[in-house]
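Report on the following structure.
Naming: A, B, ... by sequence-line order, numbering from 1 per chain.
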Amino acid sequence: MITALVDCNNFYVSCERVFDRRLENIPVVVLSNNDGCAIARSAEAKSLGIELGTPFHKCRDLVLTNNGKFLSSNYTLYGDMSSRVMNVLSMFSPDMEVYSIDEAFLYLPEIESPYELAEKIRATVRQWTGIPVSVGISTTKVLAKTANRTAKKNPASNGAFVMLDDEKIKSVLSSFSVSDIWGVGDAYSRKLISYGIMNALDLSLMDDKWIKKEMTIVGLRIVHELRGISCIPLETVAADKKNICSSRSFGVPVTTLKEMKEAMSAYAANAAEKMRRQKSAASAISVYLSTNPFNDSPQYGNSASAKFMTPVFSTQQIVKESLSLIESIFRSGFSYKKCGIFLCGLVPDDSLQGGLFCDYARDEKENKVSMVMDSINKKYGKSSLFIACEGIDKEWSMRRNFKSPSYTTNWNELLKIK
DNA sequence: TCTGGGGTCCTAGGACCC
DNA sequence: TCTGGGGTCCTAGGACCC
């Protein structure tokens, strides 16, 4: 099957550039939550040598002295731009897997000129959304990923790379480092290199038994895909999450139980809303807190979990349980950096059943309140309605000193043309 | 001063069953 | 010296992805 991987170039930076032309041709760095470290870089920023994950304070001067700009991440904008891009891509194939916020796999029909199609995809997405993309085309997902990376690495390829015949595939693989293969991370690439397996062609020629022993069945699938045997299917329908997590670092250290409980309530409410969006209920929850491991100050971290007799659905129930758990592990005298919640054992909400020891009438009422809150927040914007125990001032909330407007999702922040 | 957040899958080993 | 065979379920930990 002819498989394409379409990947947006420097996606977050590109989203920002669509609405602010002043960001063209200068180093632009988008920072993680809390303005902590670099998570997206323009080509100009990359050529200054700024690596993914570089802490803000370690690259601030370099970027600013080169007339560059920092931006806080604006996920509302990126999420909305992503769905625009995906909408355009879906016109090119009925068989599409949205793989991440900035990538999609597509099955393409057998066509005479895949290269022309790739060009058409690039031009259409660019014109309709403003986002530049790269296209890699081959016969399996792993090979399409490889082609895409090759397109990005070679300026001559003009953002599109096709490898369909064996000779071409072999020649690309022979100069493709194992550490760049999709599915081969740090640990495996170190291991492979220690065995003298340096490039993708070397890996594809290894014995199946050896691969399975050293890299489990997951590694074997990757190797087969490198050989052109498709074994990672296209997932056209996004599966429901099995776990949902919400966690954040604090903008300023948290030292009191009162603030910790406010933050915990906010994250719990956020996780509960995400869970209801996919129509699930949680069988268990787990919470954790921790100090800042990069500090010399006294360290402490802990977690606690609880199982519910019957799966829970409402924000009220989830917040209540999370607060009692976090209280049980909170110790005063520490400067906390982070806390979070996991909702586990998610089941479809239509299979909710009353438990013998539950107050069914109360649960029903709370479930309805949660759904009403969700619909109001959907209509009037996030956190139009929130529970009081999240606190009002939220001094612990994350830093986002350089956030751009929500150009596409908030009437008050529309782009103004002068 | 300052280092993100949110997921998935697989395996080994222990506990338990008959 | 010697201690069955076959299975399930759960959890922790390690690998990976963006």
Side-chain angles (χ1 to χ4, degrees), chain A residues 5 7-8 10-12 29-40 50-61 63 70-75 78-79 82 97-105 141-142 145 148-149 178-192 211-222 231-233 235 238-253 267 270-271 274-275 277-278 283-284 286 288 290-297 303 305 307 335 337-346 397-402:
Chain A
L5 175 67
D7 188 315
C8 301
N10 315 326
F11 183 55
Y12 299 167
V29 175
V30 174
L31 299 167
S32 62
N33 279 346
N34 249 332
D35 295 338
C37 58
I39 53 169
I50 293 161
E51 301 282 331
L52 196 64
T54 308
F56 171 51
H57 63 97
K58 285 192 182 164
C59 58
R60 182 183 45 200
D61 293 349
V63 171
F70 286 100
L71 290 156
S72 304
S73 38
N74 182 349
Y75 284 101
Y78 311 150
S82 172
E97 171 183 343
V98 176
Y99 177 67
S100 75
I101 193 165
D102 72 334
E103 281 173 76
F105 288 99
K141 285 168 109 177
V142 171
K145 269 276 196 185
N148 187 282
R149 201 183 169 91
V178 279
S179 60
D180 290 337
I181 300 171
W182 184 46
V184 176
D186 254 11
Y188 284 154
S189 59
R190 256 182 280 126
K191 176 186 273 189
L192 291 172
I211 297 289
K212 172 126 193 255
K213 187 172 133 262
E214 299 293 333
M215 301 173 71
T216 79
I217 187 79
V218 181
L220 191 55
R221 270 186 217 128
I222 294 165
C231 45
I232 305 176
E235 285 168 28
D240 280 348
K241 307 267 182 253
K242 295 172 182 171
N243 301 293
I244 284 174
C245 159
S246 176
S247 73
R248 296 265 179 297
S249 297
F250 306 127
V252 293
Y267 304 165
N270 177 250
K274 272 199 257 181
M275 176 192 80
R277 213 175 300 149
Q278 72 164 32
S283 314
S286 172
Y288 76 93
S290 74
T291 51
N292 186 350
F294 295 102
N295 270 358
D296 291 336
S297 50
S303 67
S305 32
K307 278 185 185 165
S335 201
K337 177 66 179 168
K338 196 173 180 180
C339 77
I341 176 171
F342 293 89
L343 302 180
C344 321
L346 299 184
S397 65
M398 65 179 171
R399 277 187 306 272
R400 282 168 139 207
N401 291 334
F402 321 110

Go through the steps to decide whether A:Lys141 and A:Glu235 satisfy the test salt bridge (Lys or Arg N to Asp or Glu O under 4.0 Å), and finish with yes or no. CA-CA 11 Å; A:Lys141 285 168 109 177; A:Glu235 285 168 28; 5.5 Å; no

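- The side chain of A:Lys242 sits closest to B:dC9 out of B:dC9, B:dC2, B:dG6.
- Side-chain proximity of A:Ile217 to B:dT11, B:dT3, B:dG6: nearest is B:dT11.
- Regarding A:Arg399, its CZ atom lies at a distance of 8 Å from the C1' atom of B:dT1, rounded to whole Å.
- One finds a side-chain N or O of A:Asn243 lying less than 4.0 angstrom from the OP1 or OP2 phosphate oxygen of B:dT8.
- Spacing between atom CH2 of A:Trp182 and atom P of B:dC9 amounts to 13 Å, rounded to whole angstrom units.
- In the set B:dG4, B:dT3, C:dC18, the nucleotide with an atom closest to the side chain of A:Tyr99 is C:dC18.
- When heavy atoms are screened at a 4.0 angstrom cut-off, A:Phe56 is found touching no nucleic acid atom at all.
- Protein atom CZ of A:Phe105 is 12 Å distant from nucleotide atom P of C:dC17, rounded to whole Å.
- Side-chain atoms of A:Asp7 and A:Asp102, non-hydrogen and from C-beta on, do get closer than 4.5 Å to each other.
- When each of B:dG5, C:dT11, B:dT3 is scored by its nearest atom to the side-chain atoms of A:Ser249, the top-ranked nucleotide is B:dG5.
- With B:dT11, B:dT3, B:dT8 as the choices, the nucleotide that has an atom nearest any side-chain atom of A:Lys241 turns out to be B:dT8.
- Taking every side-chain heavy atom of A:Lys307 into account, C:dT11 is the closest of C:dA15, B:dT3, C:dT11.
- Residue-to-nucleotide proximity on DNA chain B shows that, of A:Tyr12 and A:Thr216, the 5′-proximal contact is made by A:Tyr12.
- When the side-chain contact (heavy atoms from CB on, under 4.5 Å) test is applied to A:Lys213, no partner is found at least two apart in sequence or on another chain.
- With rounding to whole Å, A:Gln278 atom CD is found 12 Å from B:dG7 atom C1'.
- At distances below 3.5 Å, at least one donor-acceptor pair connects side-chain atoms of A:Ser82 with backbone N or O atoms of A:Ile101.
- Going from atom CG of A:Asp296 over to atom P of B:dT1 covers 11 Å, rounded to whole Å.
- Of the residues A:Phe70, A:Phe11, A:Tyr12, A:Phe402, the one that meets the side-chain contact (heavy atoms from CB on, under 4.5 Å) test with A:Val30 is A:Tyr12.
- Listed nucleotides: B:dG4, B:dG7, C:dC16. Nearest to the side chain of A:Ile244: B:dG7.
- Each of A:Arg60 and A:Asn270 lies near DNA chain B, and the nucleotide nearest A:Arg60 is the one positioned closer to the 5' end.
- The nearest whole Å value for the distance from the CG atom in A:Asn292 to the C1' atom in B:dG4 is 12 Å.
- Listed nucleotides C:dA15, B:dC2, B:dG4 differ in distance to A:Asn295; the shortest reach to its side chain belongs to B:dC2.
- Proximity of A:Tyr288 to A:Lys338: side-chain heavy atoms (C-beta onward) are separated by under 4.5 Å at one or more points.
- Between B:dG4, C:dC18, B:dG6, one nucleotide has an atom nearer to the side chain of A:Asp102 than all others, and that is C:dC18.
- Residue-level contact check: A:Lys145 touches the backbone only, with heavy atoms under 4.0 Å from sugar-phosphate atoms and none from bases.
- Atom CZ in A:Arg221 sits roughly 15 Å away from atom P in C:dC17 (whole-Å rounding).
- Taking atom CD1 on A:Ile211 and atom C1' on B:dC10, their separation rounds to 16 Å, with Å as the unit.
- Among the protein residues, A:Asn34 comes within range of no part of the nucleic acid, since none of its heavy atoms lies under 4.0 Å from any strand.
- A:Tyr75 comes within 4.0 angstrom of a base, heavy atoms only.
- Under the Watson-Crick or G-U wobble criterion, with both distances below 3.5 Å, C:dT8 is paired with B:dA15.
- Of the side-chain N and O atoms in A:Lys338, one or more sit less than 4.0 angstrom from OP1 or OP2 of B:dG5.
- Contact annotation for A:Ser246: backbone-only contact, meaning every heavy-atom pair under 4.0 Å involves sugar-phosphate atoms and none involves a base.
- Within a 6.0 Å sphere centred on NZ of A:Lys274, other residues, nucleotides and ligands contribute more than 12 heavy atoms.
- Between A:Lys274 and the phosphate of B:dG7, there is a side-chain N or O to OP1/OP2 separation shorter than 4.0 Å.
- Between the C1' atoms of B:dC17 and C:dG4, the separation comes to 15 Å (whole Å).
- Residue A:His57 places its side chain closer to B:dC2 than to any other of B:dG4, B:dC2, B:dT11.
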